[in-house]
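Take a look at the structure below.
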There are 2 protein chains.
Amino acid sequence: MSARPRRTTLSTIAASAGVSVATVSKVLNGRSDVAPATRSLVRSLLEQHDYVPSSARRTGDTTIEIQVDGMCAYAAGIVGGTVEAGADSGVSVAIAIKKGPAGGGTAWARDLVSAGRQAVITIAEHPTPAQLAILSRARLPVVVIDPLDLSDTSVSSVGPTNFTGGLIATRHLLALGHSRIAYLGGLATALSSQARLHGYRAAMEDAGVPVLPDYVRTPGFCYAHGVEGAGVLLDLRPAPTAIFAASDECAVGAIHAAKARGLRVPEDLSIVGFDDSEIASMTSPKLTTMHQPLREMGIVALRTALRLAAGERIESAHVELATELVIRESSLTA
Amino acid sequence: MSARPRRTTLSTIAASAGVSVATVSKVLNGRSDVAPATRSLVRSLLEQHDYVPSSARRTGDTTIEIQVDGMCAYAAGIVGGTVEAGADSGVSVAIAIKKGPAGGGTAWARDLVSAGRQAVITIAEHPTPAQLAILSRARLPVVVIDPLDLSDTSVSSVGPTNFTGGLIATRHLLALGHSRIAYLGGLATALSSQARLHGYRAAMEDAGVPVLPDYVRTPGFCYAHGVEGAGVLLDLRPAPTAIFAASDECAVGAIHAAKARGLRVPEDLSIVGFDDSEIASMTSPKLTTMHQPLREMGIVALRTALRLAAGERIESAHVELATELVIRESSLTA
DNA sequence: CTGAAAGCGCTTACAG
DNA sequence: CTGAAAGCGCTTACAG
């Protein structure tokens with residue numbers, strides 16, 4: 001390991017700008033008595049050197065940042081886990097809601113550094129190489145939850161066992177005697193649903209049951225996607241007798257679509273969801289679903305982030321936590 | 001306004017302890033070369049003076065803290081609002097999950113101060129007088145969302161129009177021709193559900209319809225409470241033809257209890273919920289419910305907190321944001 | 001506009 | 001153990 005380079009201070013900047021420390025300080029504090037040319041020179045130097053005020057580098061208070069897409073139930077579960085794990089180690093968790101794609105350019109990474117964060121956790125989104133460069137120079141580790149891409153092993157990630165989950169859910173339906181089993185929901189672009197879909201395919205193949213191309217629909221994860229997608233599936237001839245849905249919301253939508261066609265769940269149609277969210281036990285019939293360990297994923301992500309921040313080495317760049325089949329009322333013998 | 005007393009610094013502490021600044025600094029940094037007696041003396045002085053290291057008082061990064069009970073959908077909605085409003089003003093939001101009652105004694109307040117927070121938002125829980133004293137000495141404003149007690153006007157609070165919401169929901173059922181209307185859910189101890197209940201009573205009284213004591217049940221806000229409470233109500237003779245539930249979860253539970261008794265919703269039983277949470281449009285029938293502006297409550301709470309932190313005066317210690325009736329499928333003419 | 005100088009809060013190597 | 005002294009990162013009133 002090479003020696004840690006000294007952090008950039010005001011005097012570093014002053015020296016390279018050829019001005020006094022006082023002037024740099026004024027720029028930093030937004031004083032008006034600085035020539036525009038001097039100001040912009042100093043500003044760009046400050047950026048180039050990733051300047052972080054020493055007061056932001058305090059020792060006592062550790063804060064990690066978690067970036068979510070919005071406060072849906074899924075994100076809430078994960079956030080809850082990180083907060084819980086943080087409280088155990090006296091670490092605060094700051095939440096941010098992502099704006100555009102890739103969290104808003106390199107300014108995003110720079111802001112994190114100057115806000116004094118010790119690590120960043122993002123959900124289902126990878127920082128860009130430019131962002132990673134800034135974060136790594138600042139020694140700010142990143143952990144991605146539910147990663148879209150596992151090829152870059154320099155970024156740690158945590159996810160559920162999507163493939164195995166899809167496999168187990170489908171095997172459950174096969175074991176009940178179903179063979180006309182459809183896959184519903186998820187996005188073709190989301191790694192998580194791709195993996196669930198491949199788990200489904202693997203189980204079908206194992207059982208020697210062919211997968212009809214029409215039996216796979218990936219409109220999205222929401223309730224409305226479930227209603228729409230299940231509608232299309234149920235209007236096929238022959239119609240499936242069972243649906244494995246990539247999310248509970250989709251599964252609930254499928255129940256709705258089934259009832260709208262006069263089908264009874266589970267007597268005429270078995271449905272297995274994915275998530276085991278709160279709604280899973282509030283529907284009628286209650287959902288059979290794959291439990292996804294959201295809270296635990298948050299806990300592991302936070303602990304990993306903390307270990308990385310402390311300079312520890314991580315055993316595995318990607319960790320998967322077990323999903324588990326919860327049998328309720330929406331699945332029945334064919 | 002009296003002059004702002006100077007903040008406690010190491011030299012304040014050193015002077016009152018009769019030691020040097022260096023020694024105080026050592027205690028602060030947990031060095032071992034300090035006599036135990038000196039250490040404990042300095043420690044207690046540090047506590048007494050609410051010492052906050054100057055590095056925690058940085059100017060650039062503003063962080064407010066929001067305390068939630070757990071990451072349920074209700075809290076998630078509010079948190080989402082605060083994060084959104086914070087992002088607009090470059091303010092970070094740190095989340096904490098409450099432990100015991102009153103957030104864990106005075107240590108809680110002290111930790112907030114030394115973590116450098118600029119304000120605190122809590123949900124449905126008031127700081128104790130001892131906690132308030134510490135927070136006010138540190139000039140750390142508190143905003144309570146969904147307050148349990150409005151008597152202390154020194155604490156700002158934000159909530160939904162619970163009373164009016166209960167009134168409007170009940171009037172809706174009255175207007176549909178119902179008179180055997182029951183109230184279900186909420187806790188007798190929660191101000192929010194008390195207010196909803198009184199809105200219900202006011203509407204009934206206005207319409208000249210008596211409220212039967214048996215028709216009011218307050219087992220709690222959850223799905224299971226709804227199933228249980230609605231079961232009791234529906235087994236009464238005469239049974240109610242309509243139920244106003246204090247939460248969507250209760251309302252969904254009531255649908256379940258009704259179906260279990262062979263009753264059709266809304267043909268045999270009308271149900272109005274409260275919250276307009278995600279599940280409201282995922283049930284069958286879809287819920288007629290009072291929309292609660294969670295996101296907006298979060299936004300207003302954060303803005304209020306920021307204004308207080310900036311030393312501005314607030315017009316009203318308590319603000320209520322409008323709830324709104326959303327008519328879907330679970331309510332029908334009697 | 002600019003910067004030398006004084007000053008603040010804090011830390012640390014070191015002499016006692 | 002203790003503290004005088006040097007030093008660090010930063011800010012600010014003020015002279016030019």
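Throughout, a chain's letter reflects where its sequence line sits, starting with A, and its residues are numbered from 1. The figures here come from the full heavy-atom set of this structure, side chains too, leaving out hydrogens, waters and symmetry mates.
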Subject >> Partner of B:V68 under side-chain contact (heavy atoms from CB on, under 4.5 Å), chosen from B:I145, B:I97, B:I78 >> reply: B:I97

Subject >> Residues that B:R303 engages under salt bridge (Lys or Arg N to Asp or Glu O under 4.0 Å), provided they are two or more places apart >> reply: none

Original post:
Would you say B:H126's side chain and B:L148's backbone share a donor-acceptor pair under 3.5 angstrom?
Top reply: yes

Subject >> Test salt bridge (Lys or Arg N to Asp or Glu O under 4.0 Å) applied to A:R137 - qualifying residues, sequence neighbours left out >> reply: A:D50

**OP:** Give the nucleotide from the list D:dG3, C:dG3, D:dC10 with an atom nearest to the side chain of A:V19.
**Re:** C:dG3

Subject >> Sequence-distant partners of B:E296, side chain to side chain contact (heavy atoms under 4.5 Å, CB included), two or more places apart >> reply: B:P293, B:L321

Original post:
Is there a side-chain contact between A:L132 and A:V155 (heavy atoms, below 4.5 Å)?
Top reply: yes

**OP:** Provide the distance between the two C1' atoms, one in C:dG7 and one in C:dG3, to the nearest whole Å.
**Re:** 16 Å

Subject >> Atom-to-atom span, CG of A:L10 to P of D:dC10 - whole angstrom >> reply: 4 Å

**OP:** Provide, to the nearest angstrom, the distance between the CG atom belonging to B:L46 and the C1' atom belonging to C:dG9.
**Re:** 14 Å

Original post:
Does B:T38 place a side-chain N or O at less than 4.0 Å from the phosphate oxygens OP1/OP2 of D:dC1?
Top reply: no

Subject >> Of B:S32 and A:L28, the one whose closest DNA chain D nucleotide lies more 5' >> reply: B:S32

**OP:** For A:L41 and C:dC1, give me the distance from atom CG to atom P, rounded to whole Å.
**Re:** 15 Å

**OP:** Kindly write out the residues that satisfy side chain to side chain contact (heavy atoms under 4.5 Å, CB included) with A:T189, not counting sequence neighbours, or none if the list is empty.
**Re:** A:L187

All N/O contacts under 3.5 Å from nucleotides 12-16 of chain D to the protein, with atom names and distances to one decimal?
unit_1: D:dT12; atom_1: OP2; unit_2: A:R31; atom_2: NH2; d: 2.6

Subject >> Contiguous Watson-Crick or G-U pair runs (3 or more, under 3.5 Å) in DNA chain C >> reply: C:1-3 with D:14-16, C:5-12 with D:5-12, C:14-16 with D:1-3

Subject >> A:P147 versus A:L191, closest heavy-atom pair with distance >> reply: O-CD2, 3.1 Å

